[in-house]
Amino acid sequence: MLTFTYEQLPVRVVFGAGSFDKLADEVSRLGLKRAMVLSTPGQRRLADEAAKRLGVATAGIHAEAVMHVPVETARLARETARRLAADCLVAVGGGSTVGLAKAVALDTGLPIFAVPTTYSGSEMTPIYGLTDNGMKRTGRDRKVLPRVVLYDPALTVGLPAKVSGPSGMNALAHCVEALYAQDGNPITSLMAIEGIRALGRALPVVVKEPLNLEARSKALYGAWLAGSALGNAAMGIHHKLCHTLGGAFNLPHAELHTVILPHAAAYNRDAASEAMRVIAGALGVTDAAQGLYDLAKKLGAPLSLKELGMPEDGIERAAKLATENPYYNPRPVEYAGVKRLLEDAWHGRRPG
Ligand code: NAD
């Protein structure tokens with residue numbers, strides 16, 4: 001018998017090539033007049049483009065976003081928002097830029113307009129993260145959930161293949177874990193399955209033909225679904241391990257997700273057999289863990305923690321850290337199993 005709780009998150013989504021041009025209309029629709037545009041230093045030109053589209057509704061540009069939102073970076077962005085008397089935030093970029101806008105919104109309550117240019121999915125979640133002294137703290141707050149998301153696949157064609165593949169695998173990870181989440185529900189599962197199907201088909205084309213707008217569109221659609229799934233379900237061993245390893249060894253976010261995902265799926269293979277059957281079906285393979293590994297390989301993405309620069313003698317410490325605080329996962333999280341998982345991931349072995 002079905003029993004579940006599902007909370008629809010109130011985000012307006014505008015999807016399609018050319019949606020970036022609707023930015024000014026979307027801002028004025030909410031009666032807002034002074035937008036602070038955020039980006040990374042590398043995407044400053046895109047921030048300028050956003051300001052051009054906003055015209056008189058631009059309060060200023062703050063192109064200072066960096067990975068993992070250090071508290072000092074967040075403080076500076078909040079001060080700038082106050083100095084500019086901004087009444088809303090426009091985040092153009094990937095998870096790092098959306099993350100910085102969230103840090104400002106957490107403190108100021110300013111509404112966020114997100115224009116994602118990667119597949120991280122952060123724009124669809126009420127999850128924020130802040131890094132202080134190398135320790136990342138995350139939380140959930142409705143204040144940081146963007147009001148409007150403009151998905152324009154034309155903005156993603158410049159995302160290099162070596163970034164697109166891992167970024168897409170990061171999105172796949174949200175879908176995979178949503179399918180065995182403790183608070184999973186049929187609606188989130190529908191989004192997750194469709195997200196896997198879309199990403200699994202589109203990503204190999206995206207890395208081969210980065211300018212293929214049809215494939216870019218499909219991948220971004222999958223990323224939207226993945227972000228929605230992440231926003232609606234609690235995550236398990238995969239996200240926990242990525243969080244732990246990323247913080248302890250300063251490893252690149254999307255690549256880390258890529259390496260860990262097949263092994264997290266293998267870890268849960270028997271305990272979440274129905275989810276694995278569905279994931280394999282959506283990918284068109286017979287085994288979910290092996291299918292995810294083969295997909296990462298096809299994308300030319302990293303397959304081992306060794307390649308990402310994690311020291312082999314860090315495995316035991318990571319296994320200890322990841323098993324310190326108990327949390328829900330279909331298969332209980334225990335030291336020996338996690339250590340084995342990490343050894344396989346360190347060497348980049350195909351899940352057996
Ligand atoms: P990112 O935002 O750090 O972007 C990676 C690099 O690619 C940056 O230098 C950026 O300037 C560049 N870039 C982005 N889009 C581009 C494009 N279209 N063309 C060319 N270059 C482009 O990476 P990410 O993987 O999107 O985000 C990672 C961060 O997001 C992590 O800190 C992670 O914790 C966070 N995240 C948060 C959530 C959440 O729900 N809160 C979800 C997923 C990820």
Side-chain angles (χ1 to χ4, degrees), residues 9 11 20 38-47 49-50 63-70 73-74 91-103 105-106 112 114-131 134-146 149 151-175 177-178 195 206 210-211 213 216 219-220 223-224 226-235 238-240 242-247 250-258 261 301:
L9 293 175
V11 187
F20 190 32
L38 296 109
S39 75
T40 58
Q43 288 191 293
R44 168 78 204 212
R45 284 220 338 246
L46 193 60
E49 284 296 318
E64 307 285 341
V66 294
M67 189 75 107
H68 301 314
V69 199
T73 311
V92 279
S96 298
T97 303
V98 174
L100 182 59
K102 286 177 166 181
L106 185 66
I112 300 175
V115 185
T117 62
T118 70
Y119 306 130
S120 84
S122 176
E123 66 282 352
M124 288 306 296
T125 80
I127 305 167
Y128 63 87
L130 283 160
T131 307
M135 283 291 287
K136 191 162 180 177
R137 171 173 66 84
T138 60
R140 284 183 184 245
D141 194 313
R142 277 288 182 93
K143 265 198 293 200
V144 310
L145 181 72
V149 181
Y151 283 107
D152 189 336
L155 301 183
T156 63
V157 296
L159 193 66
K162 71 176 201 324
V163 186
S164 300
S167 186
M169 293 297 293
N170 183 191
L172 271 170
H174 308 332
C175 298
E177 291 231 294
V206 159
L211 300 179
L213 202 56
R216 287 290 190 178
L220 199 58
W224 164 50
S228 307
L230 176 66
N232 277 299
M235 297 288 125
H238 170 81
H239 281 77
K240 171 76 178 177
C242 291
H243 199 169
T244 306
L245 293 170
N250 194 23
L251 304 177
H253 179 82
E255 286 77 2
L256 182 54
H257 274 270
T258 308
L261 186 58

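Start at 1 and go down the list; that is how both ligands and their atoms are numbered. Here, residue 1 is the first one in the sequence, and each next residue gets the next number.
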Just by distance, do the side chain of [X] and the backbone of [Y] share a donor-acceptor pair under 3.5 Å?
| X | Y | result |
| --- | --- | --- |
| Arg140 | Thr125 | no |
| Lys136 | Thr131 | no |
| Arg216 | Thr156 | yes |
| Thr73 | Val69 | no |
| Thr97 | Ala91 | no |

Among protein heavy atoms, which sits nearest to [atom], and what does the distance come to when rounded to 0.1 Å?
| atom | value |
| --- | --- |
| atom 44 (C) of ligand 1 | His253 NE2, 3.6 Å |
| atom 4 (O) of ligand 1 | Thr118 CG2, 4.3 Å |
| atom 24 (P) of ligand 1 | Gly95 N, 3.5 Å |
| atom 43 (C) of ligand 1 | Ser120 O, 3.3 Å |
| atom 5 (C) of ligand 1 | Val163 CG1, 4.9 Å |
| atom 32 (O) of ligand 1 | His68 ND1, 3.0 Å |
| atom 11 (O) of ligand 1 | Thr40 OG1, 2.7 Å |
| atom 3 (O) of ligand 1 | Ser96 OG, 2.6 Å |

Sub-4.0 Å heavy-atom contact, [X] with ligand 1:
| X | value |
| --- | --- |
| Ser122 | yes |
| Met124 | no |
| Leu155 | yes |

Report yes if some N/O of [X] lies less than 3.5 Å from some N/O of ligand 1; otherwise report no.
| X | value |
| --- | --- |
| Asn170 | no |
| Tyr128 | no |
| His174 | no |
| Ile127 | yes |
| Gln43 | yes |
| Gly42 | no |
| Gly121 | no |
| Thr117 | yes |
| Thr125 | yes |

Closest non-hydrogen atom pair between [X] and [Y], with its separation:
| X | Y | result |
| --- | --- | --- |
| Pro166 | Thr258 | CA-OG1, 3.3 Å |
| Pro252 | Glu255 | CB-OE1, 3.3 Å |
| Tyr119 | Ser167 | N-OG, 2.9 Å |
| Ser122 | Lys102 | O-NZ, 2.7 Å |

With heavy atoms of Leu230 as the reference, note each atom of ligand 1 found under 4.0 Å away.
-> 40 (O), 42 (C)
Ligand 1 to Lys102, heavy atom cutoff 4.0 Å, flagged ligand atoms 39 (C), 40 (O), 41 (N)
Can you name the residues that form a side-chain hydrogen bond (donor to acceptor under 3.5 Å, both in side chains) with Ser39, not counting sequence neighbours?
-> none
Look at the rings of His257 and His174 and say which category their plane angle falls in: under 30° parallel, 30 to 60° tilted, over 60° perpendicular.
-> perpendicular
Is the distance between the ring centroids of His243 and His239 less than 6.0 Å?
-> no
Closer than 4.0 Å: a protein non-hydrogen atom to [atom]:
| atom | value |
| --- | --- |
| atom 39 (C) of ligand 1 | yes |
| atom 34 (O) of ligand 1 | yes |
| atom 26 (O) of ligand 1 | yes |

Can you name the residues that form a salt bridge (Lys or Arg N to Asp or Glu O under 4.0 Å) with Arg45, not counting sequence neighbours?
-> none
Neighbour count >12 (heavy atoms, 6.0 Å) for atom CG, Asp141 | yes
